[in-house]
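Reading through the C-alpha cells given below for one structure.
Atoms within each ligand, like the ligands themselves, are counted from 1 in listed order. Basis for what follows: all heavy atoms, side chains included, without hydrogens, waters or symmetry-related copies. This is a predicted model, so every value here is computed, not measured.
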Amino acid sequence: MPVKPEPIILSQNGGGHESPDGRVDLLGLPLGTLERILIGLGEKPYRGRQIAEWLYARGARDIAAMTNLPHALRSKLAEGYRVGSLREVARRETPDRRTRKVGLAIPEGGIVEAVYMATSRRYTFCLSSQHGCGFACRFCATGRMGRGRNLSAGEIVEQALRLRRELPPGVTEFNVVMMGMGEPLENYDAVMGALGHLTGAPPTGAGLPPKRITISTVGLVPQIMRLADEGHRYRLAISLHAASDELRSKLMPVNRTFPLSALIKAVEHHVQRTGRRVTFEYILIEEINDNVRDAAKLARLVAQIPCKINVIPYNPIGPGRFRRPSEERIRRFSEYLVPRVAAVTVRYSQGVDIGAACGQLAGAVEEPPR
Ligand code: SAH
C-alpha cells in the first residue's frame, strides 16, 4: 500500500517539498518530522535519526543507500518519499576546475545555480535561496529575472550536499555563502532550516561551524534584527554598494524601504548581539560609485562599526551602462579605505569567464544537447 505522507510535513519550514512523482523529499525536514514519519510507519523514532545521519552526515543520494534500515522499511519509505528534488541539467567549469557552476532544475521547470569554488586555502559553496529575485538591483543579473519563488529548505540544503560530493577525497571542511540567486532573508525560514541541517551536530547534522556560513542580504532590516535576536551565529554580509541614500536608492530600490540610517542601526545591533564583525560588500562601478569622494563617504558611514569592506570590481552582466573601473581606479579607491577601515579586501570574483561570478547568476544556462 502506498504510504500517505502526513499533511503536516508540507508546511514545515519549506522542507518536504512534494516532487512531480508525488513523493515527498526527505531533505530539509526537521528531525522531529522525520521521527514522526517513521512512527507513522510503525517504526521506532531512532529510525528517523538514522535517516538524518544518512542525509546530512553521509550524504546518501537515495533511500536504497540507507543500508542500516531493513530492506522492507526502505521499500515502504521509497513509496512515499525520496531524497532530493533537483536535477542537474547544466554545468560550466573553468579549465582548472577550481570554479564550477552547476545548473539545477527545480521540479516545475526553471534553473537555480550553485557554484563550487576552490582556492589553495579553502572550498566555498555559493548557494541560491530563491529562483529569481524581486529586489531588482540594477547591476545584478538575477535582479533582472524578476520575482520567482522561494526555494524550500530541502532545495537549499541539497545544493550544498551535491557540491560536497565534489570535494577532493579527505576534505570535509567547506564554507557556505548565501550569495547565489535570490535574497536569503526574504526566504528566512527555509534558509534557516537548511543552514540548521548543515550546522547541526553530527551524526544527525553535517557539523559545519556556523562561522563558516555567510548570509548576504540587500539589507532587510526586520530580518537582520531577527537574526541577531534569535542568536544565530552566522556571518552577515551587507550588499551596500553606495554610501548615500540618493545613490543607493537608484542602484537598489530596497533602499527606499530601508534607508541607510535604519540599515546601519540594524547592523550595529547584529554586531552587538553576535560579537562578530560584519562584512560590507561594495561593488565598484566606474563613474558611478568609484571615486575617492565615494570612498570618503563610505569610510565615514562605517566608522563606528567593527567591519570588513569587501570591494568587488563590477562583473559585466551583458549590455548596459555599467563598467568595471580600471585597475588604477580600483587601487585608488581601496588605498583610500585601508588606513581608515579595520579591514579591506578586494574580491576578484572567480568564474567570470563561465558566468559564475557575483551578480552573474540568472539560470540562463542552456540544457546540454541530448
Ligand atoms: N540578495 C543577496 C544575496 C545575493 S549575493 C544580496 O544581494 O546580498 C550576490 C552578491 O553579488 C551581492 O553582494 C551582490 O550585490 C553582488 N553582485 C550583484 N551583481 C554584481 C555584479 N554585476 N558584479 C559584482 N557583484 C555583483
Side-chain angles (χ1 to χ4, degrees), residues 101 112-115 117 124-148 150-151 156 159 175-188 190-191 194-195 213-221 223-224 227 234-242 247-248 250-255 257-258 263 266-267 270 278-286 288-290 307-325 330 333 345-353 355-364:
K101 176 167 87 164
V112 296
E113 291 170 335
V115 184
M117 292 170 285
T124 304
F125 303 160
C126 179
L127 310 183
S128 295
S129 55
Q130 299 179 317
H131 178 243
C133 185
F135 289 92
C137 300
R138 301 291 178 237
F139 43 76
C140 178
T142 313
R144 293 184 178 178
M145 291 173 70
R147 186 173 298 283
N150 283 334
L151 300 186
I156 296 166
Q159 297 170 53
N175 299 287
V176 167
V177 294
M178 295 304 306
M179 298 188 185
M181 295 163 67
E183 168 51 43
L185 292 187
E186 192 182 45
N187 187 14
Y188 191 94
V191 168
L195 298 182
I213 294 179
T214 302
I215 300 174
S216 182
T217 176
V218 293
L220 302 187
V221 166
Q223 284 92 326
I224 294 170
L227 206 53
Y234 305 123
R235 292 182 193 276
L236 179 66
I238 304 288
S239 288
L240 193 61
H241 310 320
L247 178 58
R248 193 163 190 271
K250 280 190 199 147
L251 295 175
M252 304 177 69
V254 68
N255 193 69
T257 313
F258 303 115
L263 177 57
V267 168
H270 190 274
V278 64
T279 298
F280 289 108
E281 298 165 284
Y282 192 98
I283 306 178
L284 267 195
I285 312 174
E286 186 175 66
I288 303 280
N289 65 357
D290 70 333
C307 68
K308 177 174 99 173
I309 295 183
N310 208 333
V311 175
I312 314 171
Y314 171 74
N315 295 315
I317 57 161
R321 58 205 164 87
F322 293 154
R323 284 181 313 273
R324 170 182 287 210
I330 297 170
F333 189 92
T345 52
V346 180
R347 184 212 286 168
Y348 281 95
S349 308
Q350 277 180 253
V352 178
D353 303 343
C358 302
Q360 293 185 315
L361 304 183

Please table the atom pairs, donor to acceptor, closer than 3.5 Å between any side-chain atom in residues 214-221 and protein atoms at least two apart or in another chain.
from   : atom 1 : to     : atom 2 : distance (Å)
Ser216 : OG     : Glu281 : OE1    : 2.7
Thr217 : OG1    : Glu183 : OE2    : 2.8
Thr217 : OG1    : Gly219 : N      : 2.9
Thr217 : OG1    : Leu220 : N      : 3.4

Inset, instruction - Flag the pair Phe258 / Ile224 as yes when at least one side-chain heavy-atom distance between them is below 4.5 Å, and no otherwise. - result: no
Legend entry - Heavy-atom pair of closest approach, residues Pro253 and Ala136: CD-O, 3.5 Å
Inset, instruction - Find out whether Val115 and Val177 are in side-chain contact, i.e. whether some heavy atom of one side chain is under 4.5 Å from a heavy atom of the other. - result: no
Inset, instruction - Measure the shortest side-chain to side-chain distance between Thr142 and Phe135 over non-hydrogen atoms and say whether it is less than 4.5 angstrom. - result: no
Legend entry - Where Tyr282 and Phe333 come nearest, the two heavy atoms and their spacing: CE2-CZ, 3.4 Å
Inset, instruction - Below 4.0 Å from any atom of ligand 1, which residues have a heavy atom? Give them in chain and number order, please. - result: Phe139, Cys140, Met178, Met179, Gly180, Gly182, Glu183, Pro184, Ser216, Thr217, Val218, Ser239, His241, Glu281, Ile283, Ile312, Tyr314, Asn315, Ile317, Cys358, Gly359
